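Along the sequence shown, residues carry numbers from 1. For ligands, and for the atoms within them, numbers begin at 1 and follow the listed sequence. These numbers come from a predicted model, not from an experiment.
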Amino acid sequence: QSQEFSQAHIDYHGALLTLQEHGTRMVCTGKMHTDRICRFDYLCYCTEAEEFVFFHSNASVMLPNLGPRRFQPALLDLSSVEDHNTQYFNFLELPAAALKFMPKPVFVPDVTLILNRFNPDNLMHIFHDDLLPIYYTMQQYSDLDDEARLIFMEGWSEGAHFDLYRLLSSKQPLLKEQLKTFGKLMCFTKSYVGLSKMTTWYQYGFVQPQGPKANILISGNEIRQFASFLMERLNITQEEGDDYIVVFKRTTNRLILNEAELLLALAQEFQMRTVTVSLEEHSFDSIIQIISGATMLVSMHGAQMITSMFLPRGAAAVELFPYAINPEQYTPYKTLASLPGMDLQYVAWRNTIEENTVTYPDRPWDQGGIVHLEKEEQERILASKEVPRHLCCRNPEWLFRIYQDTTVDIASFLDVLRETLKKPNLKKVKVASTVHPGRVREPKCQTSVQATNEAKLSVSWQIPWNLKYLKVKEVKYEVWIQEQGENTYMPYILPHQNYTFSENIKPFTTYLVWVRCIFNKNLLGPFADVLTCKT
Ligand code: UDP
């Protein structure tokens, strides 16, 4: 392994001289530790001290140069989870002259991306926190190409799905533990530290109850391109074939107790064959292959539902929730399915029949057991009909309820499917356009006074420049009229390129008028420069 960075293939003397003379150079993006990614030349890592080292010389650069604010609370987040105090990155500083007294550095010639995986034992976390952010961080920096080296500093072992991380570059990713085998002082010739948070859509409830992020910046398009990339790397091609429904089951906990009955009901209702898969019984590749051709995916709430990103457009993701869990409060997969351009249908079903649930009070706390709690608290939990909102990650009532097994009440299950799903031809949805209108051009207003209490305001404009190249089903215009000095405005939706307003228009008054174009009801364009119109 240690010959992986065989120092014979690089100009060792030259590299050492550069490090000694130039020291470390750092230039970062981002204003805050939560949105920062840093690029380094000659960032080093001391494997004994488990610390990154920045070597100062006359030529070293540190931008931003935060002084002690670098520790308030950190230079940056090493994982994609925002401001988590176990995921901070910083470095120690040394003068480059100290190198004389230190172990000989081992130089890493690859361009490296240094980061923390957040929870590499859980498939949802692997995709949402690691794979997507790594993939799009690599897209952001062109030297993070297929030859880039990923370095995982969170300190975990490979985990159950390490093969997925291997797909992101042609080089074997390295774990923190392995760095020791290369030497006492490693110096990364070129490295990026940190991950883009642009692709994440969910916050897990560390400071407020879990839910969709406040400002989601990813659309289904980027998710689907990433999914296609993975499928290509896995040599999965989507075959045309018959329609079928996949039931993704769990085999160790959160079970569906009447699986056979559920499969039969689905097959009869939709006149399709059904397939069951589980992470325990199928390879990940074969699961993706199956899901990528499915018309519907049915699964208990849980990390395995992240595979719904591989469903074809128009398919349905159906998520089942155990007794006393409110689906509205646990929406990572609903949010994913509902991203614009994801083009999935989403249905949640919850068990509302207490007799149909099987609880496990005697299990260890992390599998939802509650016998370690005070008697009174146990009784309160058992009597409760819904888990109240809570923070991550050790709420015993939440764990107790989410690890129940469930007999799915077929009648109520089929009811919600019938209510929500667009049948037939689940898969054959039209892909909606996402092209936004440009500004309307040459906006003008004309005014006239009819009488002492009567006036007219005519507004006209030209179509946005891009409209003449587009086929748009519905083009509308929105006009806002505000009397100068007032802080409210009247909005109007109009079908044509001009309109004369007479209601609520007063003589000898100044109006401010904004106009924008709207495609297909929800694709809003920008407002043109405001018009000032005096009656
Ligand atoms: N898991 C599984 N089968 C099971 C239970 C769990 O494949 O019977 C997987 C699950 O998909 C996830 C990991 O094990 O990737 C951890 O599961 P956990 O219940 O801790 O998390 P959750 O699924 O609730 O996010």
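The option from R250, M124, H125 that lies nearest to atom 23 (O) of ligand 1, judged by heavy atoms, is R250. Among N122, T307, T252, the residue whose heavy atom lies nearest to atom 25 (O) of ligand 1 is N122. For the residues Q304, E280, Q367, the heavy atom positioned nearest atom 2 (C) of ligand 1 is part of E280.
Of the protein's heavy atoms, A303 CB, 3.5 Å lies nearest to atom 12 (C) of ligand 1. Protein heavy atom nearest atom 15 (O) of ligand 1, with residue, atom name and distance: L123 N, 3.0 Å. Given atom 13 (C) of ligand 1, the protein heavy atom at minimum distance is D121 O, 3.6 Å.
Near G302, meaning under 4.0 Å from one of its heavy atoms, ligand 1 places the atoms 23 (O). Taking every heavy atom of Y403 and a limit of under 4.0 angstrom, the matching atoms of ligand 1 come to 18 (P), 19 (O), 20 (O). Close approach of ligand 1 to T251 (heavy-atom distance below 4.0 Å) involves ligand atoms 4 (C), 8 (O). Under a 4.0 Å criterion applied to the non-hydrogen atoms of L279, ligand 1 contributes the atoms 7 (O), 11 (O).
Using a 4.0 Å cut-off between charged nitrogen and carboxylate oxygen, R39 and D143 count as a salt-bridge pair. Salt bridge E328/K334: present, at least one basic N to carboxylate O contact under 4.0 Å. Between R350 and E319 there is no salt bridge, since no side-chain nitrogen of the basic residue lies less than 4.0 Å from a carboxylate oxygen of the acidic one. Comment: E280 does not engage K249 in a salt bridge, judged by the lack of any side-chain N to carboxylate O separation of less than 4.0 angstrom. A salt bridge does not link D405 with R250: none of the charged nitrogens is closer than 4.0 Å to a carboxylate oxygen.
Residue E177 places its CD atom among 12 or fewer non-hydrogen atoms of other residues, nucleotides or ligands, all under 6.0 Å distant.
Ring centroids of Y330 and W398 are separated by less than 6.0 Å, placing the two rings close together.
Taking a distance limit of 4.0 Å, we find that atom 7 (O) of ligand 1 is approached by some protein heavy atom.
Under 3.5 Å, the side chains of E397 and S384 contain a donor-acceptor pair of N or O atoms.
In this structure, R254 counts as a contact residue of ligand 1, since one of its heavy atoms falls inside 4.0 Å of the ligand.
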